[in-house]
Amino acid sequence: MEYDTFEKNGPALLGLGAMGTALARAWLAAGHPPTVWNRTPGRAAPLAAEGARVAGTAAEAVAASDLVVVCLLDDASVGEVLAGVDLTGKDLVDLTTGTPAQARARARWAEERGARFLDGGIMAVPPMIGAPESGGYVLYSGSRALFEAHRDTLAVPAGTRYVGEDPALAALHDTALLSAMTGMFAGIAHAFALVRDEDVALQDFASLLAGWLTAMAPHVYSTADHLESGDYTKGVTSNLAMMVQGNATLLRTAEEQKVSAELLTPFMALMERRLADGHPDEDTTGVIDLLTR
Ligand code: FVH
């Protein structure tokens, strides 16, 4: 089968939630109108007015293009929507957020139905779609041949990062990045809880906090270096012994400010355990060993 590098008529797109609608508009703006389908048909009406073709069923949408993109709530809804739909010869791109194991299983499922499969993890929120300056991108893993065949079409909504043939890799990267973000949000919540009832200009504080988090971000490179070299003391400037001591001050401040420390204490407990295991000269890389071994 010949695969175009750019679908002249746009892909088939199943799912018109906030993200699916943003994807559809990006392809419309690029002059490649998608054929769209959504469980609740009313969500397709504005897109039809903008030039999208609307399919009456999921099967009808899938039949309209070699490239089929699904962006649904979860993996279960992908299974429901595509149940009984003929995927023979199709290129299925799943932009639905899921786990690595779900991506592997969905890849097998698609291949059993005669389709090539690419999983995607969207590192963007809907307003960042179709806005290259926003820095949003989509992580892809699975069939490299599929990715290469459609890379121009896939690059329309957001930047593309292909991370490997194993279909699980996009979801693994996606969920790892989101997990790190969750920890950062926890720290931000605690910081604002400390200051919000004081004589502190919150916008000024936000500016300090953004600068501080940005300054600390390169810590990720020394963590990677420690894990690769196996030497967790390499280049350490703020050691665990000092940090654990400092944690007592953070906890006491929380108490003084009448703020619960429940977001901080699980991580602090792991730092204490690593110190007690005899690693005063490391930084926090050793906590990773406690989580995984
Ligand atoms: N929106 C965001 O900020 C994030 C950014 C990162 C990536 N996520 C993931 O993208 C997937 C879709 O998210 P969404 O924002 O479009 O989600 P909703 O607006 O809630 O739309 C959900 C669509 O899924 C359809 N749907 C749900 N269940 C079923 C089902 N059982 N059968 C058929 N369709 C189903 C729903 O249809 P309807 O309710 O309009 O009929 C919407 O089209 C998601 O994985 C995010 O994690 C977005």
Side-chain angles (χ1 to χ4, degrees), residues 10-28 34-50 52-62 64 67-85 87 92-107 109-110 117-132 134-142 154-163 167-185:
L13 173 62
L14 283 65
L16 298 175
M19 186 52 80
T21 298
L23 294 169
R25 290 213 160 98
W27 278 308
L28 279 167
T35 299
V36 298
W37 174 85
N38 194 60
R39 176 181 62 177
T40 305
R43 290 181 107 160
L47 294 168
E50 294 167 39
R53 287 164 299 176
V54 179
T57 63
E60 197 184 309
V62 168
L67 177 61
V68 178
V69 178
V70 289
C71 187
L72 296 162
L73 185 64
D74 55 16
D75 183 63
S77 47
V78 174
E80 275 178 44
V81 166
L82 293 178
V85 174
L87 294 174
L92 179 62
V93 177
D94 187 357
L95 298 183
T96 306
T97 303
T99 70
Q102 283 174 332
R104 266 194 203 121
R106 187 58 63 198
W109 177 94
F117 182 82
L118 190 67
D119 194 57
I122 303 178
M123 305 313 299
V125 293
M128 295 164 78
I129 298 299
S134 70
Y137 63 90
V138 182
L139 295 155
Y140 288 105
S141 65
L154 297 175
V156 168
T160 59
R161 310 261 172 101
Y162 181 79
V163 289
L169 285 173
L172 181 64
H173 284 73
D174 182 5
T175 51
L177 294 178
L178 293 177
S179 298
M181 180 188 75
T182 301
M184 183 185 75
F185 286 167

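Ligands are counted one by one from 1 in listed order, and the atoms in each one are counted from 1 as well. From a predicted model like this one, the values you see are computed outputs, not experimental measurements. Values below: every heavy atom of this structure, side chains too, minus hydrogens, waters and symmetry copies.
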Visitor: Are any protein N/O atoms closer than 3.5 Å to the N/O atoms of ligand 1? If there are, list each pair with names and the distance to one decimal place.
Guide:
residue	atom	partner	partner atom	Å
ligand 1	16 (O)	A18	N	3.2
ligand 1	16 (O)	M19	N	2.9
ligand 1	19 (O)	A18	N	2.9
ligand 1	24 (O)	L73	N	3.1
ligand 1	31 (N)	R39	NH1	3.4
ligand 1	31 (N)	E80	OE1	3.1
ligand 1	39 (O)	R39	NH2	2.9
ligand 1	40 (O)	N38	ND2	2.9
ligand 1	40 (O)	R43	NH1	2.7
ligand 1	41 (O)	R39	NE	3.0
ligand 1	41 (O)	T40	N	3.1
ligand 1	41 (O)	T40	OG1	2.5
ligand 1	43 (O)	L16	N	3.2
ligand 1	43 (O)	G17	N	3.2
ligand 1	43 (O)	N38	OD1	2.7
ligand 1	45 (O)	L72	O	2.9
ligand 1	45 (O)	L73	O	3.1
ligand 1	45 (O)	T97	N	2.9
ligand 1	47 (O)	T97	OG1	3.0

Visitor: Which residues satisfy the side-chain contact (heavy atoms from CB on, under 4.5 Å) test with P127, sequence neighbours excluded?
Guide: V125
Visitor: What pairs meet the salt bridge (charged side-chain N to carboxylate O under 4.0 Å, His left out) rule with one or both residues in residues 14-27, with sequence neighbours excluded?
Guide: R25-E50
Visitor: Salt bridge between R106 and D119, side-chain N to carboxylate O under 4.0 Å?
Guide: no
Visitor: Under 4.5 Å between any side-chain heavy atoms of V62 and L87, yes or no?
Guide: yes
Visitor: In chain order, what residues pass the salt bridge (charged side-chain N to carboxylate O under 4.0 Å, His left out) check against R53, with sequence neighbours excluded?
Guide: none
Visitor: Side chains of V81 and R39: does their closest heavy-atom pair fall under 4.5 Å?
Guide: no
